[in-house]
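Below is one structure; the comments refer to it alone.
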Amino acid sequence: MKLPPLRAVQCFESVARLNSFSHAARSLNVTQSAISHQVRLLEEYLGETLFVRQGRRLSLTPMGEKYYDEISHSLQNIAQASQQIREGESGKIRLAMYSSLAVKWLVPRLENLRQQHPEIDLSLAMFADEPEFTDQVADCFITAHPPKKNYVSDFLYKELLYPFCSQKLWQQIQDKPLPEALWEHPLLSVHSIFKDGNQAKDWQTWCQRGGFELPDNAKVSHFSHMVLAAEAVKYHQGIAFLNDYFLNDHDHQQNLVRIPMHELPTGDNLYFVYKQSRAKQFEIKTLGQWLKQQCFDHDGDSLRR
């Protein structure tokens, strides 16, 4: 099915709605001659006269009135569908982020978001690895690896990790010299902390920053993601590098302890990411401001997978 030129249909609709070629030209930010040309093309395509011009008076022909009634609703539907894809549904917003970040950092803070911004209907999506940055996945993202084109990336903060163990293990460590006391227990290594390194790169890098070496006989267990290592730490299975956000009130009750030694920078920064076309959307701006405030208020926290 061959369709008429959409630009010509848009120009016709504007002239018919405003009852003026000059007003339609200003509305569409084009010249009046361009409007006349497009309407003439449409009349030639349809084989019908759409307007009656009598001096300065302009009116639709019966066929023009019928055509206008048919296409005006269709153009409105196209505009609404395009706006919804471009800007999202008002009030509703989907945020995608690393799984441990969602569970351990954001969910405990959602009540604060609801109290401050009850007009925002937020739904969450979690991912272990980087998602596809598209509206089919979410309206906005928190990620360490933002896309380079067509998206805005608002900095949240630099990621730092710290060694954690359970209270049971800490009782065995606290009165002994560090880091030597750590080597007596299993070391839990997370592959996803450094994607371009060998096994136990997190522990090797941390030791280098501390000016000492990882013993050759250290007992190292390997995990794909930090949230798995965190569960192993809670069950006294070893020591792992975690974000400070793992140490919330619930984890205090579970006796998770941050060992008082130096941090491990991952080299990642965390960003709030959204389409450039949606930069002025109220829900996007409001959520971004709230996230930045949460990071500022909890400057010791880190976000991560």
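Numbers here are sequence positions counted from 1.
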Exercise. When clusters are formed by joining ILVMFWY residues with side-chain heavy atoms under 4.5 Å apart, either directly or through shared neighbours, do Val52 and Leu46 land in the same one?
Worked result: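 No, because Val52 and Leu46 fall into different hydrophobic clusters, even though each may have its own neighbours under 4.5 Å.
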Problem set entry | Hydrophobic cluster identity match, Leu41 and Met63, side-chain contacts under 4.5 Å |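 Different clusters: Leu41 never reaches Met63 through Ile, Leu, Val, Met, Phe, Trp or Tyr contacts under 4.5 Å.
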For this session: Using the six-membered ring wherever Trp is involved, compare the ring planes of Trp183 and Trp203 and label them parallel, tilted or perpendicular (cut-offs 30° and 60°).
Result: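 If you compare the ring of Trp183 with that of Trp203, the planes turn out perpendicular.
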Does the side chain of [X] come under 3.5 Å of the side chain of [Y] through a donor N or O and an acceptor N or O?
| X | Y | answer |
| --- | --- | --- |
| Ser166 | His236 | yes |
| Glu159 | Thr266 | yes |
| Thr143 | Glu130 | yes |
| Trp105 | Asn243 | no |

Would you check if the side chain of [X] reaches a backbone N or O of [Y] as a donor-acceptor pair within less than 3.5 Å?
| X | Y | value |
| --- | --- | --- |
| Glu283 | Ile120 | no |
| Asp268 | Ala144 | no |
| Ser14 | Gln10 | no |
| Asp154 | Phe272 | no |
| Trp206 | Pro163 | no |
| Ser27 | His23 | no |
| Ser221 | Leu188 | no |

Exercise. Is the gap between the ring centers of Phe133 and Phe141 under 6.0 Å?
Worked result: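 Yes.
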Problem set entry | Proximity of Tyr98 and Phe127 rings by center, below 6.0 Å |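 For Tyr98 and Phe127, the ring centres are under 6.0 Å apart.
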Could you measure the distance from the [atom1] atom of [X] to the [atom2] atom of [Y]? Nearest 0.5 Å is fine.
| X | Y | atom1 | atom2 | result |
| --- | --- | --- | --- | --- |
| Leu75 | His73 | CG | NE2 | 10.5 Å |
| Asp175 | Gln171 | CG | CD | 10.0 Å |
| Glu184 | Leu169 | CD | CG | 10.5 Å |
| Phe164 | Tyr162 | CZ | OH | 9.0 Å |

Problem set entry | Taking every non-hydrogen atom, the tightest pair across Phe223 and Ala229 |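 For Phe223 versus Ala229, the nearest heavy atoms are CD2-N, 3.9 Å.
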Exercise. Does CD belonging to Glu111 count more than 12 external heavy atoms closer than 6.0 Å?
Worked result: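 Buried by this count: over 12 neighbours within 6.0 Å.
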Exercise. Should we say atom CZ of Arg53 is surrounded by more than 12 heavy atoms from elsewhere, each under 6.0 Å from it?
Worked result: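 Yes, CZ of Arg53 has more than 12 neighbouring heavy atoms, counting only those of other groups under 6.0 Å.
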For this session: Tell me, with the steps shown, if Leu242 and Leu161 meet side-chain contact (heavy atoms from CB on, under 4.5 Å).
Result: CA-CA 5 Å; Leu242 307 177; Leu161 307 181; over 6 Å; no
For this session: Run the numbers on Leu106 and Leu95 for side-chain contact (heavy atoms from CB on, under 4.5 Å), then give the verdict.
Result: CA-CA 11 Å; Leu106 185 60; Leu95 174 64; 3.8 Å; yes
For this session: Determine, step by step, whether Lys92 and Asp139 satisfy the salt bridge (charged side-chain N to carboxylate O under 4.0 Å, His left out) criterion, reporting the C-alpha distance in whole Å, the side-chain angles of both residues, the deciding distance to 0.1 Å, and the verdict.
Result: CA-CA 9 Å; Lys92 295 184 178 181; Asp139 303 303; over 6 Å; no
For this session: Mind running side-chain contact (heavy atoms from CB on, under 4.5 Å) on Ile193 and Val190 for me, showing each step along the way?
Result: CA-CA 6 Å; Ile193 291 177; Val190 179; 3.7 Å; yes
Exercise. Can Ile35 and Val30 be said to form a side-chain contact (heavy atoms from CB on, under 4.5 Å), step by step?
Worked result: CA-CA 7 Å; Ile35 295 289; Val30 296; 3.6 Å; yes
